[in-house]
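Residue numbers begin at 1 in each chain, while the letters A, B, ... track the order of the sequences. Just so it is clear, the structure is predicted and the values come from calculations on it, not from any experiment.
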Amino acid sequence: MPEGHTIHRLARDLYRAFGRRPVAASTLQPRFDGGAAQLDGATLTRADAHGKHLFLTFRAQRPADRCLHVHLGLYGKFPIATAPALEPRGALRLRLENEERWADLRGPTACELVSPVEREVILARLGPDPLRSDADPDRAWARISRSKVAIGALLMSQDVLSGIGNVYRAEVLFRHAINPYREGRLLRRVDWDAIWLDLCVLLREGVRAGRIVTTRPADRPRGRARREDSFYVYRRAGEPCRICGTEIRTEVMIGRNLFWCPYCQPA
DNA sequence: GCTAAATGTTGAT
DNA sequence: TCAACCTTTAGCT
């Protein structure tokens, strides 16, 4: 289940597994029959991620290059495995396969072939992505610094900045002692600069590790690393804050469960 | 075995 | 604000 780091890692891994040579494509879902047929036998020439959106560019024999747009949504998966492939089964949206590897896409919000123009329309909606070298954090600041919307909601808005989801939103606000309900326009520039820099570091570490870890080593219990020690506040409602011991609070903000420490992140 | 919730987005009300 | 999309898993019985 994906925030931006998952998609960037997926783009990298798909290109390593399938890039630069023909790939077999198939589906068990009639709605994607046409799409899979167009990709079958094509060569993957590019895989890139913008926020939570994945674009796979294929060079086909005819009539022109095809671009596959994938968004995993909340529970989409696209795991890559080593041959031999298992029998295709269930709600399989797309299988990519070559001699060595196979990957099954299941449960995505989006899986569609798009034209260059359609791709640009999608990209135009997205704010800067901390994982991209071409990202301009000033674009996000221009929106945030004028907004009466809570920073906890702004961080989740993919048109303000892209790639951040519910875990990174909660965790980065904790790391900077920012109350999630503070209006964007009341944020200080130095706070935004620090948040952006931190997101760049955290997301890059997420790509490397393949999972989200936001706690500093000194703030984790000693001993063997456990998944539940990876976060300061996410999904820790009612548990004691790792820094001050205050009970972590939770409330729904823009339809998602928000978590924060009322002492470390005062209003 | 069943239910609810989950790192997300869109479109209708 | 809510349902829908669609799959997996954690936490119950």
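Considering only the side chain of R125(A), dT10(B) comes nearest among dT7(B), dT10(B), dT8(C). Considering only the side chain of R93(A), dC6(C) comes nearest among dA6(B), dT9(B), dC6(C). In this structure, the nucleotide among dT8(C), dT9(B), dT7(B) sitting nearest to the side chain of K77(A) is dT8(C). Minimum atom distance to the side chain of H71(A) is reached by dG8(B), of the listed dT7(B), dG8(B), dT8(C).
In this entry the distance linking CD1 of I164(A) with C1' of dT9(B) reads 16 Å, nearest Å. In this entry the distance linking CG of L126(A) with P of dT9(B) reads 9 Å, nearest Å. For L74(A) and dG8(B), the CG to P distance is 7 Å, given to the nearest whole Å. Here the P atom of nucleotide dG8(B) and the OH atom of Y75(A) are 12 Å apart, to the nearest Å. In this structure, L258(A) atom CG and dT7(B) atom P are separated by 11 Å, rounded to whole Å. The interatomic distance linking F32(A) (CZ) with dC5(C) (C1') rounds to 17 Å, in whole Å. Rounding to whole angstrom units, CZ of residue R169(A) and P of dT7(B) are separated by 9 Å. The separation between H69(A) atom NE2 and dT9(B) atom C1' is 10 Å, rounded to whole Å.
Taking only side-chain nitrogens and oxygens, R256(A) never comes nearer than 4.0 Å to OP1 or OP2 of dT9(B). Applying the 4.0 Å criterion to OP1 and OP2 of dA6(B), one finds that N257(A) has a side-chain N or O inside that range. Between R31(A) and the phosphate of dC6(C), there is a side-chain N or O to OP1/OP2 separation shorter than 4.0 Å. OP1 or OP2 of dT9(B) has at least one side-chain nitrogen or oxygen of K52(A) nearer than 4.0 Å.
Y234(A) comes within contact range of the sugar-phosphate backbone alone, with a heavy-atom separation under 4.0 Å but no base atom that close.
To the nearest 0.5 Å, atom CD of residue E171(A) and atom CG of residue L199(A) are 11.5 Å apart.
Although no hydrogens or angles enter the test, the distance criterion places a donor-acceptor pair under 3.5 Å between the side chain of Q265(A) and the main chain of C261(A).
dT8(C) sits 23 Å from dT10(B) when the P atoms are compared, rounded to a whole Å. The P atoms of dT7(B) and dG11(C) are separated by 14 Å, rounded to the nearest whole Å. Of the P atoms belonging to dG1(B) and dC6(C), the separation is 25 Å, rounded to the nearest Å.
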Evaluation steps, side chain to side chain contact (heavy atoms under 4.5 Å, CB included), between L203(A) and I164(A):
CA-CA 9 Å; L203(A) 281 157; I164(A) 308 308; 3.7 Å; yes

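Among Y232(A), Y263(A), Y234(A), the single residue meeting the ring pair (Phe, Tyr, Trp, His ring centres under 6.0 Å) criterion with F174(A) is Y232(A).
A heavy-atom distance below 4.5 Å is found between the side chains of N166(A) and M156(A).
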